[in-house]
Amino acid sequence: MKSNLKEIKTMDEAELQKELEELLKAQFSLRMQKSHQQLQNTAQIRTTRRNIARVRTLLAQKKAAK
């Protein structure tokens, strides 16, 4: 998972889709850890959620540019 905005902006649509899938899996894993009281750093959920929004925004922008 890339979290640097500059790295994400240079990706093409296929790479962004793959990144989105990875982030969604990570988000699910974090939610499961939280529900079982195994998550130490709850800020990871917020960071992951915001990265998902960034990737989705860039995907929408690239699709609108076509």
Side-chain angles (χ1 to χ4, degrees):
M1 291 184 303
K2 297 181 181 178
S3 60
N4 188 355
L5 186 58
K6 290 181 182 179
E7 293 174 355
I8 294 174
K9 282 187 175 183
T10 60
M11 296 177 158
D12 64 355
E13 284 188 45
E15 290 174 326
L16 285 171
Q17 279 297 126
K18 186 177 179 186
E19 183 72 16
L20 181 60
E21 286 180 24
E22 290 176 13
L23 286 168
L24 290 171
K25 287 179 183 178
Q27 183 186 34
F28 178 78
S29 175
L30 290 170
R31 284 197 330 248
M32 289 299 111
Q33 288 178 24
K34 183 181 177 198
S35 69
H36 295 293
Q37 286 83 32
Q38 296 174 345
L39 185 61
Q40 298 295 319
N41 185 4
T42 56
Q44 288 178 326
I45 295 173
R46 180 180 180 187
T47 305
T48 303
R49 189 176 67 239
R50 290 184 179 196
N51 285 336
I52 290 170
R54 285 185 186 105
V55 171
R56 285 184 172 161
T57 301
L58 288 172
L59 274 171
Q61 288 174 352
K62 288 183 186 268
K63 287 180 182 179
K66 283 188 176 182

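Here the structure is a predicted model, which means the values were calculated and not measured. Counting begins at 1 with the first residue of the sequence.
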Identify the two heavy atoms, one from M11 and one from E7, that lie closest to each other, and give their separation to 0.1 Å. CG-O, 3.5 Å

Taking atom CE of M32 and atom CD of Q27, what is their separation to the nearest 0.5 Å? 10.5 Å

Of all heavy-atom pairs between L30 and Q44, which one has the smallest distance, and what is that distance? CD2-OE1, 3.4 Å

Could you measure the distance from the NZ atom of K62 to the OG1 atom of T57? Nearest 0.5 Å is fine. 12.5 Å

Are L24 and I8 connected, step by step, through hydrophobic side chains (Ile, Leu, Val, Met, Phe, Trp, Tyr) whose heavy atoms are closer than 4.5 Å? yes

Rounded distance [0.5 Å steps], CG in L20 versus CD in E15: 13.5 Å

For the CG atom of N4 and the CZ atom of R54, what is their distance to the nearest 0.5 Å? 10.0 Å

Rounded to the nearest 0.5 Å, how far apart are CD of E19 and CG of L58? 10.5 Å

Please walk me through it: do L39 and I45 pass side chain to side chain contact (heavy atoms under 4.5 Å, CB included)? CA-CA 10 Å; L39 185 61; I45 295 173; 3.6 Å; yes

Report, as yes or no, whether the 6.0 Å neighbourhood of atom NZ on K18 holds more than 12 heavy atoms from other residues, nucleotides or ligands. no

Assess whether atom CD of Q40 is packed by more than 12 heavy atoms of other residues, nucleotides or ligands within 6.0 Å. no

Mind running side chain to side chain contact (heavy atoms under 4.5 Å, CB included) on S29 and Q33 for me, showing each step along the way? CA-CA 6 Å; S29 175; Q33 288 178 24; 3.5 Å; yes

What's the separation between atom CZ in R46 and atom CG in N41, rounded to the nearest 0.5 Å? 11.5 Å

